[in-house]
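Accompanying notes for the structure given below.
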Number of protein chains: 2
Amino acid sequence: MTDLDIAEVAQRAGVPASTLRFYEEKGLIAPTGRRGLRRQYDPGVLERLALIALGRTAGFSLDEIAHMVAPDGPPRIDRSMLADKAEELDRRIRELGVLRDSLRHAAACPAPSHIECPTFRGLLDAAASGSVPTPRRRMPGG
Amino acid sequence: MTDLDIAEVAQRAGVPASTLRFYEEKGLIAPTGRRGLRRQYDPGVLERLALIALGRTAGFSLDEIAHMVAPDGPPRIDRSMLADKAEELDRRIRELGVLRDSLRHAAACPAPSHIECPTFRGLLDAAASGSVPTPRRRMPGG
DNA sequence: CCTTGACCTCAAGTCGACTTGAAGTAGAAC
DNA sequence: GTTCTACTTCAAGTCGACTTGAGGTCAAGG
């Protein structure tokens, strides 16, 4: 068997073993079996873990990911869900772009105090009016 | 006095009153005084709240913001800190851009399963290698 | 055979930013 | 003067994704 020890999976996937147990509890991954008490993993779990990591960085919650990546069988990922997430990312990217530019301006702005800088004030107004949303839940892009 | 009631501040700032009390406890804002038990606020608190909101969307923690926005006196914001945050945002924006494009491709990709799509596999490898970081702490951009 | 130490389980803790709930108070309308 | 109700305090709860700690097990090396 080329089955992997939990420590090896952890090391190769770049996550602590505790995370692997946690993911198992959540139904995201599963060992092929046990040797004594110890979990043995098929190397394919690494790909699954990569997929999970990818889902996380795209802003999916573990619960959402659990729906796409059942521990048995191949991942089934709804393409429209991907498209939706891409849209969401795109919106967030544009917001962040505005924010970045404004921060840059404020950093370089010669006004004695930021409060007196028109750009900064514009930002404040935008923030106050809610057009630049504050991150509530963990989203890719806050 | 044109002082404001907590309810009015809450409504105008678009946050619940509980948040205002919480911010006060954190040293982010302060009422000018009390009428009976009730907090009275200077209208300037709205600007301060806008600044706090802005800081949050830029990815600063409340503790960081507390350092910039002392409840007394004008905000003192380090320009290099702004520049650093802008840089950080910029990096995150680029990462998210790659991710968005890849998601779009995967959504449109004709490969029967995502696992067989080269672009998707490329993403997986990137996620696995850590070049597309998973949001650990709440960052603007995850 | 015995020790070692990596693994195991399960419950509880952490972190940040708030929210919620119970119990109390006081300004204002009647 | 009574009632109404928006406010008050303080402690505890929530959410997501894990981590940590105590106490137990067992395969492998000496």
Side-chain angles (χ1 to χ4, degrees), chain A residues 1 3-11 13-41 45 49 51-67 69 127 133-142, chain B residues 1 3-41 45 49 51-67 69 127 133-140 142:
Chain A
M1 338 269 155
D3 271 6
L4 304 175
D5 197 0
I6 196 173
E8 192 153 6
V9 175
Q11 193 242 308
V15 300
S18 63
T19 298
L20 299 178
R21 295 193 201 98
F22 175 72
Y23 281 179
E24 180 178 341
E25 196 178 340
K26 280 249 151 187
L28 290 165
I29 60 174
T32 52
R34 299 275 183 129
R35 182 194 308 221
L37 283 183
R38 307 181 176 204
R39 291 164 175 84
Q40 298 298 118
Y41 292 95
V45 80
L49 285 169
L51 192 49
I52 292 169
L54 180 61
R56 295 270 302 111
T57 110
F60 292 101
S61 71
L62 289 184
D63 281 355
E64 285 174 310
I65 295 172
H67 278 106
V69 176
T134 292
R136 298 180 162 281
R137 293 152 209 299
R138 197 158 329 185
M139 292 304 295
Chain B
M1 330 269 161
D3 270 8
L4 305 174
D5 197 1
I6 197 173
E8 192 153 6
V9 175
Q11 193 241 308
R12 290 212 214 170
V15 300
S18 63
T19 298
L20 299 178
R21 297 194 198 97
F22 176 72
Y23 281 1
E24 181 179 339
E25 196 178 341
K26 280 248 152 188
L28 288 165
I29 59 175
T32 53
R34 298 276 182 127
R35 181 191 310 219
L37 284 183
R38 305 180 178 203
R39 292 162 173 86
Q40 297 299 117
Y41 292 96
V45 78
L49 284 169
L51 193 49
I52 292 169
L54 180 60
R56 294 273 300 113
T57 108
F60 292 101
S61 72
L62 288 185
D63 281 354
E64 285 173 310
I65 294 172
H67 277 106
V69 176
T134 291
R136 298 177 162 280
R137 293 152 210 297
R138 194 160 330 183
M139 293 302 297

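- With hydrogens and angles ignored, no donor-acceptor pair closer than 3.5 Å exists between the side chain of B/R56 and the base of C/dA17.
- The nearest whole Å value for the distance from the CZ atom in A/F60 to the C1' atom in D/dG16 is 17 Å.
- At whole-Å resolution of the value, OH in A/Y41 and C1' in C/dC8 are 11 Å apart.
- Checked by distance alone, A/R38 brings no side-chain donor or acceptor within 3.5 Å of a matching partner on the base of D/dA27.
- Residue A/R35 places at least one side-chain N or O under 4.0 Å from the OP1 or OP2 atom of D/dA28.
- Summarising the geometry, the separation between NZ on B/K26 and C1' on C/dA17 is reported as 8 Å, rounded to the nearest angstrom.
- At D/dC18, one or more side-chain N or O atoms of A/Y23 fall inside 4.0 Å of OP1 or OP2 (strictly under the cut-off).
- For A/F22, taking side-chain heavy atoms from C-beta onward, the closest of the listed nucleotides D/dT19, C/dT19, C/dC8 is D/dT19.
- When the side-chain nitrogen and oxygen atoms of A/S18 are compared with OP1 and OP2 of D/dT19, one or more of them lie within a distance under 4.0 Å.
- Distances shorter than 4.0 Å separate some side-chain N or O of A/R39 from OP1 or OP2 on C/dT9.
- DNA chain D is contacted by both A/P16 and A/G36; A/P16 maps to the nucleotide lying nearer its 5′ end (nearest heavy atom per residue).
- Among the nucleotides D/dC7, C/dC18, D/dT20, the one closest to the side chain of B/R21 is D/dC7.
- Residue whose closest nucleotide on DNA chain C sits further toward the 5' end, between B/T19 and A/A7: A/A7.
- Across A/I6, A/D5, A/D3, A/V45, a single residue satisfies side-chain contact (heavy atoms from CB on, under 4.5 Å) together with A/R39, and that is A/I6.
- Across C/dT9, D/dC18, C/dC7, the shortest atom-to-atom separation from the side chain of A/R34 is found for C/dT9.
- In terms of heavy atoms, B/L20 sits closest to B/I29 at O-CD1, 3.5 Å.
- The interatomic distance linking A/L20 (CG) with C/dT9 (C1') rounds to 16 Å, in whole Å.
- Straight-line distance from the CG atom of A/D5 to the C1' atom of D/dA28: 13 Å, rounded to whole Å.
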(request) Would you please test A/L54 and A/F60 for side chain to side chain contact (heavy atoms under 4.5 Å, CB included) and show each step? (result) CA-CA 9 Å; A/L54 180 61; A/F60 292 101; over 6 Å; no
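- Regarding B/E25, its CD atom lies at a distance of 14 Å from the P atom of D/dA12, rounded to whole Å.
- Closest approach of A/I65 to A/R56, counting heavy atoms only: CD1-N, 3.7 Å.
- Counting to the nearest Å, the C1' atom of D/dA6 and the CD atom of B/Q11 are 15 Å from each other.
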(request) Evaluate the criterion side chain to side chain contact (heavy atoms under 4.5 Å, CB included) for residue pair A/E24 and A/Y41; output intermediate values, then yes/no. (result) CA-CA 11 Å; A/E24 180 178 341; A/Y41 292 95; 3.8 Å; yes
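- Nearest to the side-chain atoms of A/L37 among the listed nucleotides D/dT19, D/dT25, C/dA17 stands D/dT25.
- Computed from coordinates, the A/L62 CG to D/dT19 P distance equals 11 Å when rounded to whole Å.
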